[in-house]
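Comments concern the structure below.
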Amino acid sequence: MTPAGMVIRRCHDEGAVTAQRLRKFVEARGLTVFACIEHDAAAREVDLQLPFTQVLIFGSPRTGTPLMRAVPTVALDLPLRVLVWEDATGDTWLGYDDPNWVAARHSMLPAASKAIEGMRALLALASDAAAGASG
């Protein structure tokens with residue numbers, strides 16, 4: 001079941017490879033990587049197990065700042081975040097919030113339509129690159 005507002009897709013390779021492809025795509029486009037949260041590593045630090053689970057947080061202050069200036073609450077959902085995880089069976093998945101859902105949540109449309117469409121296109125390309133051949 002897909003949570004409301006999320007885009008989820010199955011990926012071809014293991015989580016680490018998928019996350020590496022995602023980061024490479026983001027960096028190749030000159031976007032800022034703000035953080036990579038390695039939930040699986042944090043779990044291991046407290047002697048718990050969690051399959052590969054990482055969130056890459058990235059974006060463009062040039063795009064995000066005007067949106068946050070216009071609608072400050074959108075800062076809760078920006079910069080962009082993409083989750084890569086492996087499930088209990090070893091399948092790899094990638095998920096992110098649909099920018100249209102974020103825009104609706106913060107009552108940003110239609111004023112931010114161009115920026116939102118750019119984010120949608122970027123996330124679609126990023127997920128294509130990260131998911132691999134049959135993702």
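One-based numbering along the sequence shown.
- Between the CG atom of Leu67 and the CD1 atom of Ile116 there is a distance of 6.0 Å, given to the nearest 0.5 Å.
- Scanning both residues, Pro79 and Phe58, for their nearest heavy atoms gives CB-O, 3.2 Å.
- Minimum interatomic distance between Phe52 and Ala19 (heavy atoms only, all atoms of both residues): CZ-CB, 3.7 Å.
- Using a 4.5 Å cut-off between side-chain heavy atoms of Ile, Leu, Val, Met, Phe, Trp and Tyr, with links allowed through other members, Trp101 and Ile8 fall into different hydrophobic clusters.
- A 4.5 Å side-chain heavy-atom check between Trp93 and Asp87 finds at least one atom pair inside the cut-off.
- Residues His106 and Val74 approach most closely at ND1-N, 3.6 Å, considering heavy atoms.
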Checklist line | Verdict with supporting geometry, Val7 and Leu123, side-chain contact (heavy atoms from CB on, under 4.5 Å) | finding: CA-CA 10 Å; Val7 175; Leu123 287 165; over 6 Å; no
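- Each of Val55 and Val17 belongs to its own hydrophobic cluster when Ile, Leu, Val, Met, Phe, Trp and Tyr are linked at side-chain heavy-atom distances under 4.5 angstrom.
- Remark: side-chain polar atoms of Thr92 are not paired, donor with acceptor, to backbone N or O of Glu86 under 3.5 angstrom.
- With hydrophobic clusters built from ILVMFWY side chains whose heavy atoms lie under 4.5 angstrom apart, Trp85 does not share a cluster with Leu94.
- Cluster annotation: Leu83 and Leu31 are assigned to distinct hydrophobic clusters (Ile/Leu/Val/Met/Phe/Trp/Tyr, side-chain heavy-atom contacts under 4.5 Å, transitive).
- With hydrogens and angles ignored, the 3.5 Å screen pairs a side-chain donor or acceptor of Ser127 with a backbone N or O of Ala124.
- At least one side-chain heavy atom of His39 sits less than 4.5 Å from a side-chain heavy atom of Ile37.
- Residues Arg105 and Thr73 form no side-chain contact, since every pair of their non-hydrogen atoms from C-beta on lies 4.5 Å or further apart.
- Atom CG of Asp97 and atom CG of Leu80 lie 9.5 Å apart (nearest 0.5 Å).
- Salt bridge Asp128/Arg9: present, at least one basic N to carboxylate O contact under 4.0 Å.
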Next item on the list: With side-chain contact (heavy atoms from CB on, under 4.5 Å) as the test, would you mind laying out the steps for Val82 and Val26 before giving the verdict?
Entry: CA-CA 11 Å; Val82 175; Val26 166; over 6 Å; no
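- The CD1 atom of Ile57 sits 13.0 Å away from atom OG1 of Thr32, with the distance rounded to the nearest 0.5 Å.
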Margin query: Let's go through Val33 and Leu56 carefully: what are the C-alpha distance in whole Å and the side-chain angles of both, what is the deciding distance for side-chain contact (heavy atoms from CB on, under 4.5 Å) to 0.1 Å, and is it a yes or a no?
Written below: CA-CA 7 Å; Val33 173; Leu56 187 67; 3.7 Å; yes
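- Closest approach of Pro61 to Phe34, counting heavy atoms only: CG-CZ, 4.1 Å.
- Between the side chain of Gln54 and the backbone N or O of Val84 there is no donor-acceptor pair closer than 3.5 Å.
- Once rounded to the nearest 0.5 Å, the distance linking OG of Ser113 with CZ of Arg120 reads 11.0 Å.
- Grouping the Ile, Leu, Val, Met, Phe, Trp and Tyr side chains by contacts below 4.5 angstrom, directly or via other members, places Leu125 with Tyr96.
- Met6 has its side chain out of reach of Asp98: every pair of non-hydrogen atoms, C-beta onward, lies at least 4.5 Å apart.
- Glu117 CD: more than 12 foreign heavy atoms inside a 6.0 Å radius.
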Next item on the list: Just do the salt bridge (Lys or Arg N to Asp or Glu O under 4.0 Å) check on Arg21 and Asp13 with the steps written out, would you?
Entry: CA-CA 10 Å; Arg21 275 197 207 111; Asp13 292 304; 2.3 Å; yes
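- The two residues Arg81 and Leu76 come nearest to each other via the heavy atoms NH2-O, 3.1 Å.
- Side-chain atoms of Thr53 come within 3.5 Å of backbone N or O of Pro51 as a donor-acceptor pair.
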